[in-house]
Protein chains: 2
Amino acid sequence: MSNAERVEELKRRFSARSGRLTRQRAAILEVLAEHSHQHLTADEIHGKVRDLEPSVGLATVYRTLDLLVEMGLVSKISFGEDAYRYELASTREHQHHHLVCLRCNRVEEVRADLLHRLEEMVEKTYGFSVTDHRLQFFGICRHCRGE
Amino acid sequence: MSNAERVEELKRRFSARSGRLTRQRAAILEVLAEHSHQHLTADEIHGKVRDLEPSVGLATVYRTLDLLVEMGLVSKISFGEDAYRYELASTREHQHHHLVCLRCNRVEEVRADLLHRLEEMVEKTYGFSVTDHRLQFFGICRHCRGE
DNA sequence: TTATCTGCAAATTGTTTGCAATTAT
DNA sequence: ATAATTGCAAACAATTTGCAGATAA
């Protein structure tokens, strides 16, 4: 799927849930699609959105991100920093997890799904109906170890 | 291990790492031990500490928590809310994960360690040396489902 | 047309910091 | 004795909110 297609798909999904597709919202979706593997902060998104639509305010970015999270199109993640980071939920769909390096703070992704079994166990043992999960590993990355 | 013993152990570990054991720090350790399964916010800890030592300031609570996190005695966790939550690291030692209910916001604990295999995979495949991990499941809890 | 959305600035909230007074060692 | 620690108030940073004007449907 090309990036343009991905953006169209997102816009369609957005409109379908009765959201008004404004210039600013479209720009935000485009930035998210463009950087779908980067876990951007609201402020970073704001900066990139301004390259497309210079007048967009930070408050609008926050409001739109809240909306997208509520719609389930975007995930809001904390890596233990000061600010939250956001990414397209579609990126999460096929399970991926995060490696957070405690030395350089870079975040790498792991593509692997070994949690099905654990989820089943959780559903059975705790009566808890799982809709999403988040797995983060903390440690020292390849690059930092090499030094 | 009784709670009093646990507190003594903590104080000993704290002093061993060249920390001055002040009244306020002792009170904070006691509160953490007393509520070792509750994931309190700094503000909640502050409230409970004041029952023991009424004059302790919120800034001191933050400074002490930072210190304890740095020493590895305490873990700082985000559940995607506004504020961070803290818990004794000893609680985490024997692996446990969190079930976050999206309806009532309660957090339950899962005691199970099925991540060894994943950690090994991560170390081998990504050259990433894992020192800690964090696993959260989001969904609807038993109580909320029952209604 | 009109209910929704926006930008701006002001307000809020969680957390951090400077500093003079206090206290554990 | 003295260097570390404290409480307070002020500073900060991320996020939210009120409102008058703009705009997608």
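Note that the structure is a prediction, hence the values are computed from the model and not measured. By convention in this document, chain letters (A, B, ...) are assigned in the order of the sequence lines, proteins followed by strands, and residues within each chain are numbered from 1.
- In the hydrophobic cluster analysis, where Ile, Leu, Val, Met, Phe, Trp and Tyr join through side-chain heavy atoms closer than 4.5 angstrom, Val7(B) is grouped apart from Leu67(B).
- In terms of heavy-atom proximity, Val110(B) sits nearest to Tyr126(A) at CA-OH, 3.4 Å.
- Ser55(A) comes within 4.0 angstrom of the backbone, heavy atoms only, and of no base.
- The pair Glu108(B)-Arg142(B) meets the salt-bridge criterion, with a side-chain N (NZ, NE, NH1 or NH2) lying under 4.0 Å from an Asp/Glu carboxylate O.
- A salt bridge is absent between Glu44(A) and Lys48(A): the closest approach of a Lys/Arg side-chain nitrogen to an acidic carboxylate oxygen does not fall below 4.0 angstrom.
- Taking 4.0 Å as the cut-off between side-chain N and carboxylate O, Glu9(B) and Lys11(B) do not count as a salt-bridged pair.
- Under the ring pair (Phe, Tyr, Trp, His ring centres under 6.0 Å) criterion, His46(A) pairs with no residue at all, not counting sequence neighbours.
- Between the two ends of the helix from dT1(C)-dA25(D) to dT25(C)-dA1(D), each summarised by a five-pair axis, the helix axis turns through 40° (rounded to 10 degrees).
- Aromatic ring centres of His96(A) and His98(A) lie closer together than 6.0 Å.
- Residue whose closest nucleotide on DNA chain C sits further toward the 5' end, between Tyr86(B) and Arg23(B): Tyr86(B).
- Contacts of Asp66(B) with the nucleic acid, taken as non-hydrogen atoms under 4.0 Å apart, involve only primed sugar atoms and P, OP1 or OP2.
- Less than 4.0 Å separates DNA chain C from at least one heavy atom of each of the following residues of residues 58-65 of chain B: Leu58(B), Ala59(B), Tyr62(B), Arg63(B).
- Think of the region where chain B sits on DNA chain D: with heavy atoms and a 4.0 Å cut, that region ends 5' and 3' at dA3(D) to dC8(D).
- Inspection of the His133(A) and Glu119(A) side chains reveals an N or O donor paired with an N or O acceptor under 3.5 Å.
- Running 5' to 3' along DNA chain C, contacts with non-hydrogen atoms of chain B at under 4.0 Å begin and end at dG14(C) to dT25(C).
- Side chains of His37(A) and Glu109(A): a donor-acceptor N/O pair is present below 3.5 angstrom, by distance only.
- For Arg20(A), there are no side-chain hydrogen bond (donor to acceptor under 3.5 Å, both in side chains) partners, not counting sequence neighbours.
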